[in-house]
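Accompanying notes for the structure given below.
By convention here, the first residue in the shown sequence is residue 1. Both counts, for ligands and for their atoms, begin at 1 and track the order of listing.
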Amino acid sequence: MSFDIIKGMATTLRNMGKKPTTISYPEQERELPARFRGRHVLHRYENGLERCVGCYLCAGACPADAIYIEAEENTEEQRVSPGERYAKVFDVNLLRCIFCGYCQAACPTGAITLEHDYKLASYYPEDMVYHKEQLLEPKGQATVGSNTVWTDPAPPEATQPVPQERHVFDGTQASAAAVGLGDLPTEEPVLLVDEEQDEDRRKFERGKEKKNV
Ligand code: SF4
Ligand code: SF4
């Protein structure tokens, strides 16, 4: 018997009786962390209205260009959301999605969250584009999803040393930096040229300075 076989047998014997680290999926499933990011869910309010107001902020924040929205105006006869508009079409291309959660973070109404559904295989690529009908909570259900676990502050070891400086976008920094979410200078300054807006910004800055005095 060669030495390699003896070594292999020894490893087998050493591990016999130990608890396996693998599980028998799909009969068994692992418990996921509370902040696990799986497939998106669109939420409703208690009164049945959709939380999504078709503002496109999630699509704008998406680094993978995975969200496609067509917004439509609400009317008094047909009110779908409490805002001016609602999402008539809301598609998420899960083949493009990198499950970063930026869409959830960008949403002002808590309409979109990433939940624990990770079983997303399909034979056909087009089936991986999830439509509003698949993403929206059914009528009679109104949850806030993983927004509850994301409202808790992150543990200190997870906080990032990002600058919290001006909180005003004046074009000298990338917009994310201007609101304290990074510190990347823009390649070419895109300073505002609208005098009225500039004046508003200066007033805002002066007000802040006075407060700090
Ligand atoms: S999780 Fe990230 S990549 Fe996926 S749709 Fe949302 S913002 Fe885009
Ligand atoms: S999910 Fe949120 S961010 Fe996206 S369009 Fe709807 S309201 Fe706006």
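- Within ligand 2, the atoms closer than 4.0 Å to a non-hydrogen atom of V53 are 6 (Fe), 7 (S), numbered from 1 in the order shown.
- Here CZ of F36 is found 11.0 Å from OG of S146. Values are rounded to the nearest 0.5 Å.
- Annotation: atom 6 (Fe) of ligand 2 to nearest protein heavy atom, C52 SG, 2.3 Å.
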Check your understanding: So Y68 and E70, side chain to side chain donor-acceptor pair (under 3.5 Å) or not? Walk me through it.
Key -> CA-CA 7 Å; Y68 176 79; E70 281 178 25; 2.5 Å; yes

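- Listed by atom number, the atoms of ligand 2 under 4.0 Å from C55 heavy atoms are 3 (S), 5 (S), 7 (S), 8 (Fe).
- Remark: ligand 2 atoms within the under-4.0 Å shell around heavy atoms of T109 are 7 (S).
- Counting protein heavy atoms only, atom 2 (Fe) of ligand 2 is closest to C107 SG, 2.3 Å.
- Rounding to the nearest 0.5 angstrom, the gap separating the OG atom in S122 from the CG atom in L94 is 10.5 Å.
- Residue Q28 places its CD atom among more than 12 non-hydrogen atoms of other residues, nucleotides or ligands, all under 6.0 Å distant.
- Using 4.0 Å as the threshold, P108 has a heavy atom nearer than that to some atom of ligand 2.
- For atom 5 (S) of ligand 1, the closest non-hydrogen atom of the protein is H40 NE2, 3.4 Å.
- Taking the charged nitrogens against the carboxylate oxygens, K119 and E29 do have a contact shorter than 4.0 Å, which makes a salt bridge.
- Listed by number with element, the atoms of ligand 1 under 4.0 angstrom from any heavy atom of L114 are 1 (S).
- Side-chain contact of N147 with Q104: a donor-acceptor pair under 3.5 Å is present, judged by distance alone.
- Surrounding CD of E27 are more than 12 heavy atoms belonging to other residues, nucleotides or ligands, all under 6.0 Å away.
- R39 forms no cation-pi arrangement with Y130, by the criterion of a distance under 6.0 Å to the ring centre and an angle within 45° of the ring axis.
- Under a cut-off of 6.0 angstrom, the local environment of OH in Y102 is sparse, with at most 12 non-hydrogen atoms contributed by other residues, nucleotides or ligands.
- The backbone N or O of D91 lies less than 3.5 Å from no partner atom in the side chain of H131, so there is not a single donor-acceptor pair.
- Side chains of E115 and T113: a donor-acceptor N/O pair is present below 3.5 angstrom, by distance only.
- Ligand 2 places these atoms under 4.0 Å from at least one heavy atom of I69: 5 (S).
- At a heavy-atom distance under 4.0 Å, only side-chain atoms of F90, from C-beta outward, approach ligand 2.
- Around atom 8 (Fe) of ligand 1, the protein atoms of type N, O or S found under 2.8 Å away are C62 SG, listed by chain and number.
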